[in-house]
Every structure is written in C-alpha cells, then in structure tokens.
Peer 1: 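Got a structure for you, questions after.
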Protein chains: 2
Amino acid sequence: MQHDAWSPPPVLLTVDLVILTLREGHLHTLLVERGEDPFRGMSALPGGFLNHDGEEILDAAHRELSEETALTSSWVHLEQLGVYGESGRDPRGRVVSVAHLAIAPGLPNPVAGTDATDAAWVPAHAVLSGKVELAFDHRRIATDGIEYARTKLEFSSLATAFCGAEFTIAELQQVYEAVWGTALDTRNFYRKVQAAKGFIIPVGADRRSTGGRPAQLYRAGPKTVLFPPLIRPAPPATEEKTREEE
Amino acid sequence: MQHDAWSPPPVLLTVDLVILTLREGHLHTLLVERGEDPFRGMSALPGGFLNHDGEEILDAAHRELSEETALTSSWVHLEQLGVYGESGRDPRGRVVSVAHLAIAPGLPNPVAGTDATDAAWVPAHAVLSGKVELAFDHRRIATDGIEYARTKLEFSSLATAFCGAEFTIAELQQVYEAVWGTALDTRNFYRKVQAAKGFIIPVGADRRSTGGRPAQLYRAGPKTVLFPPLIRPAPPATEEKTREEE
DNA sequence: CTCTTTATTGTGCAAGTGACAGTAACTGAA
DNA sequence: TTCAGTTACTGTCACTTGCACAATAAAGAG
C-alpha cells in the first residue's frame, strides 16, 4: 500500500545501563553527570550510541560498562532489560534505547567516561524515591531495572553476581536483604539456599576473623534457575484491605 | 574521543509479533508467508517497519496486529518481549526488531496483510520442533515468546487473555493444559484458582448446554500477579539424574 | 577457662500440595 | 416420570513445605 519511494524511518540506537552493586550493605546504582548537551549537567544512566553500524548491542553494553567502571568485564552479569523508544523521550530525534541490567560485586570507584563529566554511586532508594532527578526517561528505566532485579533474585541465582568468586552464606543473605530491603531469618535462609541444589557449592573453610566461628565458603553453582525459589516476603500489609464481595 | 564529524549509525526498527491463541484445544501461533524479497515465500512472524518517524513502537505493534488479524484491538494482551538486533540477522542491513507477545481468545481466520501473501495459524509444536522453517531469527523469537508465555502463566493472570470476557473454570483449565502441554487435575485446579484472590470473580450462571450441569461464569479479576502461583508440573523426569556429591 | 561473637543445626506447628472419589445439576430419551 | 448420560463442583487424607523460634558449635579475647 506504500509507494515504491517509501522507505522505513531510521532511528538512532542507544544502550543504557542500570549498574547495581552493594556498598556498605546498601544497594547502589551508578549515575553519571551528563557532559553533552541534551540535559547537560543532569544525572543520567551510563550509556551511549552504537559505535558503528556493525556493533552488536550486547557488545556496546559491555563497552559502555568498561568505559564507566574500568571493569575486567568478567565477573559481571549483563542482561537485556527492554526497549524504551517513546517518540518524545529524546530531544535529538527518534532515539531508541535498549536498557540493560548489570550486576557486579563491590565495584571500585567509577571513572568519568566519554560523555560524562562525573560518575558516582547513588543509593537505590534515592532514585526510587525521586530524590535525584534523572535525564530522559532514565528514572523509569532505573526503577524497572531495580524491580526486575528484585524479582529475579527470587527465581534465579542472580544474587551470586553481587558477591565475589567465593562467599559465605551470611554474605549472600546480606545481598538479599539489601536488594529487597527486608530482614530475613538466618536459619531459614541457610536451609533454603542449601535446599536449592546447584545454587551454591562449598569449597573450604575461611576465617573472616570477625571474632566468631569461621564461615564455610561457597561458590556459585551451575544452576541458574532456583528451585525451590526464595520467595520475597510480602511488605508489611499496607492497604491490604481485600473486600469481601456481596 | 570521537571527532566532531562522527554521528551515530542509524538503524531500521521493525516490530515482530508472536501471536498466540487456542484453536481446537491446542496452542497456535500466527505465521505469514513473506511476499517481499528477503526470504520471499518463506514463513515468518507478522511484523514490519515503523510507518513514520513518530510512530510509537507499541502502536506499531497494534497496527501490525490488526492488519493481520482484523481484530478490534481490545481484548488483546500485547506486551514487549525483547530486542533482537544481531548485526547479521537481516540481509537488508542493520535491522533491529522489537519482539512482542500478543494473546487473544479464539481469533478469527487471519487475512493477508500488507507484506504477506498468506497468513495461517500454525500449531506451536510445529514451530518449536522446527517442522516449519522461519525467516530471519524468527524461530528463536517464537520459541522465546512461547516459553515466556508458559512461564508467565504460572505467576500472572495472563491465562484469562486466552478466554473471552466471561469464561468457566473448565475453559481456563484448558488454557493451561494447552499452553503447558500437560494434563491437570480438575479438583486441584479449582481449588488453586479460587485460592488466588483477585484472579477470577464470579458473575452469573450459564447453560453451556453441553449436556451437563451449567457452569459458573467468571471474569478476570483485578489482580495481575497470582499468589499463590500455579506452579507448572515438571515434565516426566527425563535425565533428572542429580548426582550426589562425595 | 569464660565470655563474646558469629556460624550452623533442630524442632514444632500451620499451611499448602497432590492423589483420589463422591455429589450436584442439568439434558434427553424411554 | 424416571433413569442414564454428561458436565460441574466439593471433600478427604497423607504428605511435604513453610515459617517462627532456640539451642549448639567453633572460633578469638581477656
């Protein structure tokens, strides 16, 4: 039904990253201060355009990640979140962003990347509550990314991505507590993570010498899907008024 | 680090649809026969380029859906699946596809759309098993979409999207059995769906006059997340040899 | 040796799950 | 009217899983 002269409208593709890590027991995400003109000076998620026509999207995400964090690129979990392509989201024109979720253990202090004058770890709750303003629709992307991570912690071994190669069960529990923002019962947590076969496997004892009994060390197992899952406890019933009908 | 002359490489954006429905108690997906040149004559998922620079991605998906199915666009569940943008996936150049999952009740026979010479419902197992060849990476997209739907049936009220506005529990059970490809115990199914508050709510009796007792009619409730979830039974232990360590 | 700290293992009860059978409400034919 | 046929729904019981809660084990410090 189109004329022969019609050709599809080209769009520009960006890659944006929600990079999560744990710092001082709390969930943080990496934000940069924009040095280029749209929203210059405002906070934003790390990201950028494809470098050239043949660059793979996942490769671009890895590139942006190492530009911002100077990371070895191993030991990071990187995964696609979704597409954000609303027509008005970028004043430069039709820019479609492929959002990614990155998770890594105790990341070093960030370095300023190409398009960013500064980069810093910001507590997740500051983003969720709207305390910090983000450029474009990055607030939405970050919120979606954090919620996605929270859900995925229940059914996958994603939590081990927050830890180093070897970790204790107590450390793993701190990951869950930090990401979910809730306290967990230590005894039940031990039983659950060990019941999920292939989740974590023991290696050798350690003496973290925090003053107590040394903890058994574990490393991530082969299984990526958790069964049984670790169901996140429901938040303290807010307006849980379920109306009885008629 | 780039010169001022550098500009981001433009890409072409397509929208592809995995449209699922139930026909004769089995899961079907809609495939079209391509009438245009890349992969002309081969089966493919319905989809196409953005119409113009300002068209929203979700709107484009709705447009392609109605072009192919002549659907009222209400009563359809439409949701983004993910991005498929490998550089070699389309011989025409850098074409990035935003895959969508569409689910609708008992759809009418399809009509040939713009770029398709023919459209037909194909059993899902024919796609999964590779019995039908698909253009581009559409086999992968369709597989991901079906698996996504199967998983989401467990934790969300997605199954009601396969039914009409009003449905019986037996019909809902047929949805689960068709999508999962397994038989379910009717008594336990009744208990579970009614235990998940807000999943389905009763309206008034009906006489489906299939010869038996009339079935209570229900409509989809407000809750989209199912709790407790309806866990999909594990397939008959194939090579479930869990090795006991040391 | 005792106290403190952290790690790890048990125990009981309530709720959920799965396997299984019986009852209820209609239609249609004898 | 009765009875067979068909479909919709409800009930039970053994078993597993879930969560709340407490006790024990293994270090270091004095």
Side-chain angles (χ1 to χ4, degrees), chain A residues 25 153-155 163 166-177 180 182-197 199-219 226-237 240 242, chain B residues 25 153-155 163 166-177 180 182-219 225-237 240 242:
Chain A
L153 239 60
E154 301 185 61
F155 306 102
C163 304
E166 299 182 341
F167 49 87
T168 67
I169 295 188
E171 286 170 356
L172 195 62
Q173 181 180 351
Q174 285 166 22
V175 171
Y176 276 89
E177 291 183 332
W180 285 348
T182 57
L184 298 177
D185 185 275
T186 307
R187 317 175 268 258
N188 293 332
F189 187 80
Y190 266 72
R191 185 158 35 98
K192 285 185 180 180
V193 294
Q194 301 197 110
K197 287 282 177 197
F199 182 20
I200 55 173
I201 46 188
V203 279
D206 183 6
R207 58 201 56 191
R208 280 280 193 264
S209 72
T210 39
R213 170 175 172 176
Q216 177 72 260
L217 280 182
Y218 294 85
R219 57 182 177 82
L226 250 54
F227 194 83
L230 276 77
I231 300 300
R232 157 170 47 160
E240 195 62 35
T242 334
Chain B
L153 239 60
E154 302 185 61
F155 306 103
C163 304
E166 299 182 341
F167 51 86
T168 67
I169 295 188
E171 287 169 357
L172 195 62
Q173 181 180 351
Q174 285 165 22
V175 171
Y176 276 89
E177 292 183 330
W180 286 349
T182 55
L184 298 177
D185 185 274
T186 307
R187 316 176 269 257
N188 295 334
F189 187 80
Y190 267 72
R191 192 176 24 156
K192 286 185 180 180
V193 293
Q194 301 197 108
K197 288 282 177 196
F199 183 20
I200 54 172
I201 46 187
V203 279
D206 183 7
R207 60 202 53 189
R208 279 279 192 265
S209 72
T210 39
R213 170 177 171 177
Q216 176 72 260
L217 279 182
Y218 294 84
R219 58 181 175 84
V225 288
L226 251 53
F227 194 84
L230 276 77
I231 300 299
R232 157 170 47 159
E240 195 63 34
T242 335

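Residue numbering restarts at 1 for every chain, and letters A, B, ... go by the order of the sequence lines.
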Peer 1: Pick the closest DNA chain C nucleotide for A/R191 and for A/L217 by heavy atoms, then say which residue is nearer the 5' end.
Peer 2: A/L217
Peer 1: Provide, to the nearest angstrom, the distance between the CZ atom belonging to A/R213 and the P atom belonging to C/dT8.
Peer 2: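 Going from CZ in A/R213 over to P in C/dT8 covers 6 Å.
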Peer 1: What's the separation between atom CG in B/L230 and atom CZ in B/R232, rounded to the nearest 0.5 Å?
Peer 2: 12.0 Å
Peer 1: Please report the distance, rounded to the nearest Å, between CZ in B/F167 and C1' in D/dA8.
Peer 2: 16 Å
Peer 1: So A/T168, base contact, sugar-phosphate only, or nothing? Heavy-atom distance under 4.0 Å.
Peer 2: nothing
Peer 1: Separation of B/F189 atom CZ from C/dC20 atom P, in whole Å?
Peer 2: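 It is 20 Å, rounded to the nearest whole Å.
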Peer 1: Out of curiosity, A/D185 CG to A/Y190 OH, how far, rounded to the nearest 0.5 Å?
Peer 2: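 The OH atom of A/Y190 is 11.5 Å from CG of A/D185, to the nearest 0.5 Å.
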Peer 1: C/dG18 phosphate, OP1 or OP2: any side-chain N/O from B/K192 under 4.0 angstrom?
Peer 2: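 Result: yes.
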Peer 1: Could you state the CZ-C1' distance from A/F227 to C/dT17, rounded to the nearest angstrom?
Peer 2: 11 Å
Peer 1: Determine whether any donor atom in the side chain of A/R187 lies under 3.5 Å from an acceptor atom in the base of D/dA20, or the reverse, and answer yes or no.
Peer 2: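 Checked by distance alone, the answer is no.
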Peer 1: Report the C-alpha separation of A/K192 and A/F199 in whole Å, then their side-chain angles, then the decisive distance to 0.1 Å, and conclude whether the side-chain contact (heavy atoms from CB on, under 4.5 Å) test is met.
Peer 2: CA-CA 10 Å; A/K192 285 185 180 180; A/F199 182 20; over 6 Å; no
Peer 1: A/P214 or A/D185: which one's nearest nucleotide on DNA chain C is closer to the 5' end?
Peer 2: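 The 5'-side residue here is A/P214.
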Peer 1: Does A/Q173 reach a base, just sugar-phosphate, or nothing at all? Heavy atoms under 4.0 Å.
Peer 2: nothing
Peer 1: For A/N188 and C/dA14, what is the distance between atoms CG and C1' respectively, to the nearest whole Å?
Peer 2: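 The distance from CG of A/N188 to C1' of C/dA14 comes to 14 Å, rounded to the nearest Å.
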Peer 1: From CD1 of B/I169 over to P of C/dA24, roughly how many Å is that when rounded to an integer?
Peer 2: 19 Å
Peer 1: Would you say C/dA25 has OP1 or OP2 under 4.0 Å from some side-chain N or O of B/Q216?
Peer 2: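 For C/dA25, OP1/OP2 do not have a side-chain N/O of B/Q216 under 4.0 Å.
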Peer 1: Give A/A170 one of three labels, base, sugar-phosphate or nothing, depending on what nucleic acid heavy atoms sit under 4.0 Å from its own.
Peer 2: sugar-phosphate
Peer 1: Taking the side chain from A/Y218 and the backbone from A/I169, do they hold a donor-acceptor pair closer than 3.5 Å?
Peer 2: no
Peer 1: Taking OH from B/Y190 and P from C/dA21, how many angstroms apart are they, rounded to a whole number?
Peer 2: 19 Å
Peer 1: Atom CG of A/D206 and atom P of D/dG28: how far apart are they, to the nearest Å?
Peer 2: 12 Å
Peer 1: Quick one: does any side-chain atom of A/E177 pair with a main-chain N or O of A/L184 as donor and acceptor, under 3.5 Å?
Peer 2: yes
